[in-house]
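The analysis underlying the following values was restricted to heavy atoms, covering all of them including side chains, and did not include hydrogens, waters or symmetry mates. On a predicted model such as this, the values are computed, not experimentally measured, just so you know.
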Amino acid sequence: MSVQNLNSYDPFADEGDPLGDSADVGSTADYIHIRIQQRNGRKTLTTLQGLPKQYDSKKLLKAFKKEFACNGTLVDDEKMGQVIQLQGDQRAKISSFLVENGLDKSTIKVHGF
């Protein structure tokens with residue numbers, strides 16, 4: 001009786017990496033993400049992250065607060081960099097504001113429920 005079928009064989013060893021060793025697969029570095037987070041009750045928080053470095057976050061936050069009549073803050077995150085937080089559901093307003101001021105609509109991702 002032979003035990004040939006119990007040898008360890010990797011069927012995918014010849015294929016290599018199907019993604020081609022690309023480090024940028026699934027990268028979120030080139031997108032601007034607009035998300036909504038639920039707070040307590042009916043309160044929500046809108047976050048904006050991934051802004052290019054050439055834009056001043058403080059001036060943008062000041063413009064958002066004045067335009068949308070809401071409060072907001074700038075938070076430094078280790079992974080995401082500077083994140084703008086605004087009170088309320090401001091996703092559509094932020095998206096249209098950024099498109100009107102010269103950003104490409106294809107680089108903006110709006111998340112949420």
Side-chain angles (χ1 to χ4, degrees):
M1 186 162 163
S2 176
V3 203
Q4 291 290 336
N5 63 350
L6 297 179
N7 290 338
S8 64
Y9 172 71
D10 187 10
F12 300 109
D14 299 337
E15 296 296 320
D17 188 14
L19 300 177
D21 295 329
S22 177
D24 292 336
V25 174
S27 175
T28 59
D30 53 348
Y31 288 111
I32 298 170
H33 295 277
I34 303 171
R35 292 187 172 90
I36 188 169
Q37 295 176 346
Q38 186 72 35
R39 285 183 26 197
N40 49 357
R42 294 181 359 184
K43 308 286 185 182
T44 56
L45 187 71
T46 305
T47 60
L48 172 73
Q49 66 189 32
L51 275 173
K53 299 291 182 194
Q54 70 241 26
Y55 296 103
D56 188 13
S57 298
K58 289 183 181 181
K59 288 185 180 180
L60 205 54
L61 175 63
K62 189 173 182 178
F64 285 154
K65 288 166 62 172
K66 185 171 181 140
E67 181 76 21
F68 308 147
C70 66
N71 199 5
T73 187
L74 195 61
V75 177
D76 288 324
D77 190 73
E78 296 88 33
K79 287 194 299 187
M80 302 299 171
Q82 287 190 328
V83 177
I84 296 176
Q85 291 182 342
L86 296 172
Q87 287 182 345
D89 187 4
Q90 311 292 343
R91 292 174 295 174
K93 293 178 185 177
I94 291 175
S95 176
S96 64
F97 183 88
L98 292 175
V99 169
E100 288 172 4
N101 289 307
L103 280 165
D104 190 16
K105 187 168 178 62
S106 64
T107 62
I108 299 172
K109 299 270 185 185
V110 179
H111 305 277
F113 46 85

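Looking only at distances, a side-chain donor or acceptor of Gln38 sits under 3.5 Å from a matching main-chain atom of Gly41. Within the 3.5 Å criterion, the main-chain N or O of Thr46 finds no donor-acceptor partner in the side chain of Arg91.
In this structure, OG1 on Thr44 lies 7.5 Å from CD on Gln90, to the nearest 0.5 angstrom. The CD1 atom of Ile36 sits 12.5 Å away from atom NE2 of His111, with the distance rounded to the nearest 0.5 Å.
Other residues, nucleotides and ligands place no more than 12 heavy atoms under 6.0 Å from the CZ atom of Arg42.
Qualifying side chain to side chain contact (heavy atoms under 4.5 Å, CB included) partners for Asp104, counting only residues two or more places apart in sequence or in other chains: Ser106, Thr107. Evaluation of the side chain to side chain contact (heavy atoms under 4.5 Å, CB included) rule for Val99 yields Lys105, Ile108 as partners, not counting sequence neighbours. Residues passing the side chain to side chain contact (heavy atoms under 4.5 Å, CB included) test with Lys59 are Asp56, sequence neighbours excluded. In terms of the side chain to side chain contact (heavy atoms under 4.5 Å, CB included) criterion, Lys62 has no residue partners (sequence neighbours excluded).
Applying the ring pair (Phe, Tyr, Trp, His ring centres under 6.0 Å) rule to pairs touching residues 38-57 yields nothing, sequence neighbours excluded.
The shortest non-hydrogen separation linking Thr73 to Leu61 is C-CD2, 3.8 Å.
No path of Ile, Leu, Val, Met, Phe, Trp and Tyr side chains, each step under 4.5 Å between heavy atoms, connects Leu45 with Leu48, placing them in separate hydrophobic clusters.
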Let me check something: any side-chain donor-acceptor pairs from residues 75-87 under 3.5 Å, sequence neighbours excluded? List them with distances.
residue : atom : partner : partner atom : Å
Asp76   : OD1  : Gln82   : NE2          : 3.4
Asp77   : OD2  : Lys79   : N            : 3.2
Asp77   : OD2  : Met80   : N            : 3.0
Gln82   : OE1  : Ser57   : OG           : 3.1

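A 4.5 Å side-chain heavy-atom check between Lys93 and Glu67 finds every atom pair outside the cut-off. The shortest distance between side-chain heavy atoms of Ser95 and Ile32 does not fall below 4.5 Å.
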For this session: Determine, step by step, whether Phe64 and Leu98 satisfy the side chain to side chain contact (heavy atoms under 4.5 Å, CB included) criterion, reporting the C-alpha distance in whole Å, the side-chain angles of both residues, the deciding distance to 0.1 Å, and the verdict.
Result: CA-CA 10 Å; Phe64 285 154; Leu98 292 175; 4.2 Å; yes
